[in-house]
2 protein chains.
Amino acid sequence: MAQPPIRAMHASMKKTSQPTINDVAHVSGVSKKTVSRVINNSPLLNDDTRQRVLGVIKDLGFVPNPQARALALRRNFLIGLVHDNPNAQMVLNVQQGILEAIRDTEFELVVRPVNRGAPSMLEDVRHFLERQRLFGVVLLPPVSENDSLAQLCDEIGCRYVRMGSAKLDDDEHMVASNDREAVREATQYLIDEGHKRIAWISGPHGFRSARERRLGFEDALGAAKIPLHRSMVADGNYTFDTGVLAAERLLDLSPRPTAIFAANDEMATGVLYAARQRGLDVPRDLSILGFDDTPTAGHIWPPLTTVRWPIVSMARAAAMKLLAGVGDGGEAVTEPSMFLSTLIRRASVARPMD
Amino acid sequence: MAQPPIRAMHASMKKTSQPTINDVAHVSGVSKKTVSRVINNSPLLNDDTRQRVLGVIKDLGFVPNPQARALALRRNFLIGLVHDNPNAQMVLNVQQGILEAIRDTEFELVVRPVNRGAPSMLEDVRHFLERQRLFGVVLLPPVSENDSLAQLCDEIGCRYVRMGSAKLDDDEHMVASNDREAVREATQYLIDEGHKRIAWISGPHGFRSARERRLGFEDALGAAKIPLHRSMVADGNYTFDTGVLAAERLLDLSPRPTAIFAANDEMATGVLYAARQRGLDVPRDLSILGFDDTPTAGHIWPPLTTVRWPIVSMARAAAMKLLAGVGDGGEAVTEPSMFLSTLIRRASVARPMD
DNA sequence: TGCTTAGTGGAAACCGGTGTCATAAACAAG
DNA sequence: CTTGTTTATGACACCGGTTTCCACTAAGCA
């Protein structure tokens with residue numbers, strides 16, 4: 001049987017706008033449905049037909065309209081990133097990781113910072129999810145620690161993955177790093193260097209990452225039988241300013257701590273700032289440790305010894321988890337849901353003088 | 001005439017999924033079209049009807065499906081941010097500004113980092129714009145300086161606004177800061193402090209911001225009749241590492257410059273790093289000036305004197321420009337398209353010793 | 001009273017895809 | 001040669017909105 005001829009340009013086809021599936025169907029002499037089958041890689045399709053239609057698609061430069069697809073499929077192709085994180089580099093790394101995962105797919109990334117403090121936060125997110133009918137969202141700490149947010153996603157029927165500092169019960173929705181163990185190792189390093197008076201600047205109350213890191217610190221001290229005096233722990237909330245304040249209090253102590261471990265780099269940078277302000281030499285007079293490995297950490301003097309967590313990889317894994325079982329491939333590379341952080345040794349730690 | 005009664009829940013209305021315009025129409029006893037008129041604030045509509053329909057909309061929690069709207073209106077409600085910028089804080093500030101502008105609208109922000117170096121860059125962006133049929137894009141420097149990109153947007157019929165360091169011819173598509181004047185002022189400040197041997201670390205070739213800032217530097221030196229020796233200008237490309245390298249070369253000079261002005265903060269941070277490495281005291285032995293006012297600039301020791309440009313406001317203005325004449329309000333607050341940068345005096349500049 | 005006009009709201013088509021189901025052709029089995 | 005089964009394809013309704021067109025009312029005017 002002769003193939004239907006490839007017709008000339010259909011009358012209704014306006015050159016000014018993009019070609020539609022109808023144009024492709026008319027030109028290649030098949031029905032819309034067949035073209036749809038080609039687009040969606042349907043297996044029950046004559047190979048000749050497929051090739052012919054593919055040729056026309058290419059000739060015409062046809063690109064399926066995502067809005068129409070979204071409407072028909074009752075889901076769109078948008079991944080949301082919900083975050084409430086003051087660390088720009090971290091947010092951007094997460095964006096990078098997600099974008100790596102959705103590269104060459106039809107998905108796009110839409111960002112939505114929220115205000116954790118605001119009482120309307122949950123409602124804001126609800127509107128965001130419902131209105132846009134997002135395919136799924138990635139939740140970044142600290143807002144990812146909010147259980148009612150996860151519950152909301154379940155309720156609405158929106159897929160989600162939470163990024164965090166420790167495994168939760170539901171592996172399904174979680175991508176985590178091992179903050180506790182990483183801090184334990186880093187503290188052990190300080191102890192091995194001979195430090196005994198080690199102070200801790202904690203993260204904000206209610207943050208899982210803050211708790212995990214604190215626990216890791218206590219683990220190491222406990223194992224080395226070093227008592228942790230209450231005065232050696234200062235409160236912070238992950239900002240530079242609280243780092244400075246906490247350091248000022250700790251450096252007034254007598255005897256002074258020989259090392260200060262801040263729960264994140266921004267506070268550690270504040271410690272360094274405070275130390276310099278009072279003329280202390282780092283690391284001779286004081287060792288400093290941070291957590292995150294922000295770009296700044298390596299750019300200040302002395303460069304900061306810190307813990308790096310593979311944030312880009314984690315974000316990529318989170319996005320792939322979201323997309324699992326959707327892609328064309330279907331080979332479903334299962335990403336790990338637990339990532340290991342590593343100690344980056346730079347110049348802000350030395351053996352104590354006494 | 002009696003109003004049609006508000007009917008009980010329509011049979012076809014499934015409680016499991018979101019209510020549609022049909023549900024609203026059935027319940028309130030009017031046609032789809034009337035509901036549509038309510039949604040779109042059509043003026044020719046009985047006020048009683050409007051109120052009744054609004055009530056039903058609220059009761060049902062109806063939210064118009066953006067995909068369907070996008071399909072019918074032949075445009076979606078996505079604003080794209082195309083960027084190729086290594087400065088995370090800047091990118092995030094821009095995101096913040098755009099989000100402020102589209103808050104309480106139906107627009108969302110989708111981000112698309114590109115690789116300026118890649119030969120496929122233009123094609124990538126074209127696919128992005130065509131596939132998603134974006135409402136408009138904000139172009140961030142340095143990629144915003146690419147004229148063929150703007151041309152591409154014109155060709156495709158996608159609105160765009162470029163953010164940049166100086167006014168271009170087409171005010172229509174531009175939101176700019178006055179880098180040249182800002183650097184001139186900052187340099188003048190150095191001169192007023194008594195500096196004569198002032199070195200410059202430039203931004204990458206081909207960047208408009210790099211050129212504008214360099215010009216401002218030369219403006220000030222020229223006005224003060226200070227000759228600019230070739231050796232006092234070092235090449236950089238806006239990264240920390242090139243800042244360190246350039247500083248090392250400049251600090252080997254004899255006589256040494258008493259001040260180094262780096263075209264951005266990241267390089268200025270590198271200068272500080274290099275100075276410390278060789279035991280120089282900043283600002284006693286060397287004054288340092290940067291540009292951008294990144295958060296890091298204020299967190300290092302000594303805190304960096306730098307130029308702050310109102311990036312968030314600029315981004316907000318850019319987004320509002322994009323949306324001009326679309327919003328419900330229509331009051332069209334015309335944002336300025338030129339923004340002024342200001343000198344932030346901190347501790348990295350002092351009078352020279354000699 | 002007859003005729004225009006503005007205001008209002010419905011029916012149906014449409015945006016560009018997808019799902020369901022029917023159907024024709026090809027092939028195997030009885 | 002029938003009958004049943006599989007394969008490839010098309011017709012048509014549908015997703016949830018918007019737009020076009022038209023009918024119907026009530027008011028304004030001669």
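It should be emphasised that the depicted structure is a prediction, and the values quoted were computed from it without experimental measurement. Lettering of chains follows the sequences in order, A, B, ..., and the numbering in each one begins at 1.
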Distance, rounded to the nearest Å, where B:Ile39 contributes CD1 and D:dT18 contributes C1': 10 Å
Nearest-Å distance for atom pair CD/C1', residues B:Gln67 and C:dT18: 15 Å
Within 45° cone and under 6.0 Å: A:Arg75 NZ/CZ vs A:Phe135 ring: no
Among C:dG17, C:dC15, C:dG9, the nucleotide that comes nearest once only the side chain of B:Leu71 is considered: C:dC15
A:Ser31 side chain near D:dA11 phosphate (N/O to OP1/OP2, under 4.0 Å): no
Nearest-angstrom distance from the residue atom CG of A:Asn65 to P of D:dG16: 17 Å
Side-chain ion pair, A:Glu108 and B:Arg131, N-O less than 4.0 Å: no
Distance, rounded to the nearest Å, where A:Ile21 contributes CD1 and C:dC15 contributes P: 14 Å
Phosphate contact (C:dG10 OP1 or OP2) by B:Thr34 side-chain N/O below 4.0 Å: yes
A:Glu100 with A:Arg103: basic N within carboxylate O range, under 4.0 Å: no
Ion pair B:Glu155/B:Arg126, N-O distance below 4.0 Å: yes
Interatomic distance, B:Arg50 CZ vs C:dT8 C1' [rounded to whole Å]: 12 Å
Rounded interatomic separation in angstrom, taking CZ from A:Arg133 and C1' from D:dC15: 11 Å
Stepwise side chain to side chain contact (heavy atoms under 4.5 Å, CB included) check, B:Leu81 with B:Gln95: CA-CA 8 Å; B:Leu81 171 61; B:Gln95 292 185 5; 3.6 Å; yes
Side-chain donor-acceptor contacts of residues 64-72 of chain A below 3.5 Å, not counting sequence neighbours, with atom names and distances?
from, atom 1, to, atom 2, distance (Å)
A:Asn65, OD1, A:Gln67, N, 2.7
A:Asn65, OD1, A:Ala68, N, 3.2
A:Arg69, NE, A:Glu106, OE1, 3.3
A:Arg69, NH1, A:Asn40, OD1, 3.1
A:Arg69, NH2, A:Glu106, OE1, 3.2
A:Arg69, NH2, A:Glu106, OE2, 3.1

Below 4.0 Å: OP1/OP2 of C:dT18 and any side-chain N or O of A:Arg69: yes
Nearest-nucleotide 5' precedence on DNA chain D, A:Leu45 against A:Lys32: A:Leu45
Selection from C:dG10, C:dA13, C:dG17 that lies nearest to any side-chain heavy atom of B:Val30: C:dG10
Might you list the N or O atoms of the protein lying below 3.5 Å from N or O atoms in nucleotides 19-23 of chain C, with each pair's distance?
from, atom 1, to, atom 2, distance (Å)
C:dG19, N7, A:Lys33, NZ, 2.8

Separation of D:dC15 P from A:Asn76 CG (nearest whole Å): 18 Å
Distance, rounded to the nearest Å, where A:Asn46 contributes CG and D:dG10 contributes C1': 15 Å
Partner residues of B:Asp147 under the side chain to side chain contact (heavy atoms under 4.5 Å, CB included) criterion, sequence neighbours left out: B:Arg162
N/O (side chain, B:Thr20) to phosphate O (OP1/OP2, D:dG16) under 4.0 Å: no
